[in-house]
There are 2 protein chains.
Amino acid sequence: MLKDAHDLIPRECDACPIRHRAVCARCDAQELEQLDQIKYYRSFEAGRTLIWAGDRMDFVGSVVSGIAMLTQTLEDGRTQMVGLLLPSDFVGRPGREKAAYNVVAVSDVVMCCFRKQPFENMMEKTPHIGQRLLEMTLDELDAAREWMLLLGRKTAREKIASFLAILGRRNAVLNMSKAAGQVVFDLPLTREAMADYLGLTLETVSRQISALKRDQVIHLEGKRHVTVPDFDRLLEEAGDDSDGGMLA
Amino acid sequence: MLKDAHDLIPRECDACPIRHRAVCARCDAQELEQLDQIKYYRSFEAGRTLIWAGDRMDFVGSVVSGIAMLTQTLEDGRTQMVGLLLPSDFVGRPGREKAAYNVVAVSDVVMCCFRKQPFENMMEKTPHIGQRLLEMTLDELDAAREWMLLLGRKTAREKIASFLAILGRRNAVLNMSKAAGQVVFDLPLTREAMADYLGLTLETVSRQISALKRDQVIHLEGKRHVTVPDFDRLLEEAGDDSDGGMLA
DNA sequence: GCGAAGCCTTGATGCAGATCAACTCGACCG
DNA sequence: CGGTCGAGTTGATCTGCATCAAGGCTTCGC
């Protein structure tokens with residue numbers, strides 16, 4: 001299943017798909033050289049837990065390809081997703097000994113790992129890395145705060161619509177959005193993972209997706225392929241403050 | 001009411017109560033000098049909204065004294081708190097034009113404001129500021145993720161207990177915790193603000209506090225003064241993973 | 001081709017927390 | 001000192017989502 005994972009591993013940073021969005025985005029050729037000394041690639045197959053909360057961490061790194069999630073659980077098993085990691089997202093916290101969250105591969109994942117101690121040393125001397133990491137962390141904090149509004153105050157239907165809007169927005173940017181307002185994408189998560197993202201049960205997720213389909217807000221082919229005929233309609237359903245959506 | 005606010009404004013950074021925890025924590029004397037050129041103090045009375053989401057921001061800054069909250073709202077008025085700002089916490093985002101959240105003074109607040117443009121320029125040249133801001137932002141992100149678990153997966157009782165535990169832990173650190181496990185503090189928020197923090201209604205907050213009192217998990221004098229006779233008991237009620245609590 | 005397992009959907013029922021409403025208490029003010 | 005206003009409590013009722021349960025569809029291994 002992972003037999004061709006090494007095809008996805010860039011030979012050098014110039015060829016790296018996340019070169020200009022990851023922690024290393026601001027680094028110059030010489031700094032990349034240094035990073036190269038302390039990095040290595042790892043591949044994980046879908047479903048595998050890369051890191052358990054509480055584990056000792058000896059690396060930090062970037063997601064190169066695939067999707068992973070950060071989760072927390074209570075003793076009785078209730079699970080909440082607290083981060084969704086896409087290519088270029090950063091994993092781990094410089095200066096921290098132990099992992100604070102579980103990291104689980106949603107799809108097959110390739111990571112570019114940096115040995116932790118050398119990376120921390122390098123951060124001290126190379127402002128470019130810390131600067132970029134600050135930007136990325138601030139973005140994540142903003143995302144976390146949107147997410148808190150969703151978890152604390154939205155109805156199940158609004159939660160689903162919001163989640164679809166997030167995915168749709170992302171794909172609209174990448175795919176240069178199809179004709180007038182029509183947006184198409186695949187759900188990267190199972191119903192259960194969506195439930196953990198949204199603070200719902202998988203049954204409620206399923207029901208609300210069915211309801212949005214019934215009400216023509218979305219169309220579904222199979223269980224994962226979504227078409228949004230009218231994106232503004234979807235945004236209304238998401239209940240967000242009308243304007244706020246597009247501020248980058 | 002604010003007549004003596006200027007008494008709370010430090011004359012110089014050395015005398016500043018948040019000198020060693022705020023963004024400026026790592027700055028040396030010369031850097032403080034520079035910051036001094038671009039800073040000014042502002043006072044706000046309890047209840048005032050310091051900043052409206054969408055407002056143009058021409059400063060960033062630190063809370064010197066008092067408590068403020070970040071909130072987001074949906075059009076129909078549902079409100080979620082997304083940040084609780086204590087002395088030394090940072091307000092605003094370098095590089096961002098417009099405020100993303102409302103900032104509301106919970107108590108009287110004094111802020112140390114930096115003019116935004118000069119502050120950003122200084123960040124470019126002074127790694128100490130960016131480094132400290134990164135640390136603080138990472139801490140906030142961790143807090144946000146704990147908060148997401150609370151919002152998404154905890155029951156009303158667990159939410160209240162968790163919130164009390166957070167307050168109690170903070171005060172235990174400051175006040176060198178009273179005799180054996182006993183913790184005492186005042187609630188800084190109204191029932192309504194607590195509800196906005198926890199994603200509940202104020203009625204539910206009130207009922208659950210009453211329930212915890214009835215069950216002897218806490219004692220109340222008046223409506224705000226809380227005594228926790230057995231802190232471990234409170235942590236159990238909070239439902240957290242047993243160990244996780246004390247990792248700083 | 002058949003059984004098992006994973007993912008998903010749908011139905012029936014129950015309950016935690018929202019909503020609506022009445023009331024208490026203390027602070028402030030003319 | 002009576003009136004008002006904001007904060008908090010408590011009760012009655014309603015409802016959205018969780019829970020429990022059954023069954024469908026697809027994929028995979030034998």
Side-chain angles (χ1 to χ4, degrees), chain A residues 1 45-48 74 76-80 104-107 150-163 186-215 218-226 237 239, chain B residues 1 45-48 74 76-80 104 106-107 150-164 186-215 218-226 237 239:
Chain A
M1 176 189 283
E45 44 185 295
R48 271 279 306 282
L74 302 169
D76 63 2
R78 281 173 286 171
T79 299
Q80 176 65 50
V104 182
V106 171
S107 63
L150 177 151
L151 290 172
R153 293 305 189 191
K154 288 190 177 178
T155 64
R157 171 181 262 243
E158 289 169 337
K159 285 177 175 183
I160 297 290
S162 300
F163 179 66
D186 282 314
L187 295 173
L189 303 182
T190 64
R191 300 293 186 260
E192 187 182 18
M194 289 177 62
D196 288 342
Y197 186 111
L198 299 169
L200 298 169
T201 59
L202 67 89
E203 293 95 329
T204 298
V205 170
S206 183
R207 272 186 252 273
Q208 295 299 334
I209 288 178
S210 298
L212 290 175
K213 186 170 71 173
R214 177 167 35 69
D215 299 345
I218 59 171
H219 299 257
L220 264 188
E221 286 167 75
K223 291 159 190 316
R224 299 289 191 96
H225 191 74
V226 177
E237 294 284 354
Chain B
M1 176 188 283
E45 43 185 296
R48 271 278 307 280
L74 302 170
D76 63 2
R78 280 173 288 171
T79 299
Q80 176 64 51
V104 182
V106 171
S107 63
L150 178 151
L151 290 172
R153 293 304 189 192
K154 288 190 178 179
T155 65
R157 171 181 262 246
E158 289 169 337
K159 285 177 175 182
I160 298 288
S162 299
F163 178 66
L164 295 175
D186 282 314
L187 296 173
L189 302 182
T190 64
R191 300 293 185 260
E192 186 181 19
M194 289 177 63
D196 289 341
Y197 186 111
L198 300 169
L200 298 169
T201 58
L202 66 89
E203 293 94 329
T204 298
V205 170
S206 183
R207 272 187 252 274
Q208 294 299 334
I209 288 178
S210 298
L212 289 176
K213 187 171 69 172
R214 176 166 35 70
D215 299 345
I218 58 171
H219 298 257
L220 265 187
E221 286 167 76
K223 291 159 190 316
R224 297 290 190 94
H225 191 73
V226 178
E237 293 286 354

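Here the structure is a predicted model, which means the values were calculated and not measured. To find a chain, count down the sequence lines: A is the first, B the second, and so on, and within it residues start at 1.
Heavy atoms only, all atoms of each residue included: B:G239 and A:L74 are closest at O-CD2, 3.4 Å. Listed here is the closest heavy atom pair of B:Q80 and B:Y197: NE2-O, 3.2 Å. For the residue pair B:R157 and B:Q208, the shortest heavy atom distance occurs at CB-OE1, 3.4 Å.
Mapping B:T155 and A:L189 onto DNA chain C by nearest heavy atom places A:L189 closer to the 5' end of the strand.
At the heavy-atom level, B:G199 lies under 4.0 Å from the strands shown only through sugar-phosphate atoms. Nucleic acid contact class of A:G222 (heavy atoms, under 4.0 Å, all strands): none.
If you take CZ of A:R224 and P of D:dT27, they are 12 Å apart, rounded to a whole angstrom. Following rounding to the nearest Å, A:K154 (NZ) and D:dC17 (P) show an atom-to-atom distance of 13 Å. In this structure, CZ of B:R207 is placed 11 Å from C1' of D:dT13, rounded to the nearest angstrom. Spacing between atom CD of B:E158 and atom C1' of C:dG17 amounts to 14 Å, rounded to whole angstrom units. Atom CD1 in A:I209 sits roughly 9 Å away from atom P in C:dC8 (whole-Å rounding). For the pair A:R191 CZ and D:dG24 P, the computed distance is 19 Å after rounding to whole Å. Atom CE in A:M194 sits roughly 9 Å away from atom P in C:dC8 (whole-Å rounding). Atom-to-atom, CG of A:L202 to P of C:dT9 comes out at 10 Å; the value is rounded to the nearest Å.
Closest to the side chain of A:S210, out of C:dT10, C:dG17, C:dT9, is C:dT10. In this structure, the nucleotide among C:dT10, D:dA18, C:dC20 sitting nearest to the side chain of A:T204 is D:dA18. Distance from the side chain of B:E203 is smallest to C:dC20 among C:dC20, C:dT10, C:dG17. Closest contact between the side chain of A:T201 and the listed nucleotides D:dT19, C:dT10, D:dC17 involves D:dT19.
With hydrogens and angles disregarded, a donor-acceptor distance shorter than 3.5 Å links the side chain of A:T79 to the backbone of A:G77.
Taking the side chain as every heavy atom from C-beta outward, B:L164 and B:L212 approach each other to under 4.5 Å.
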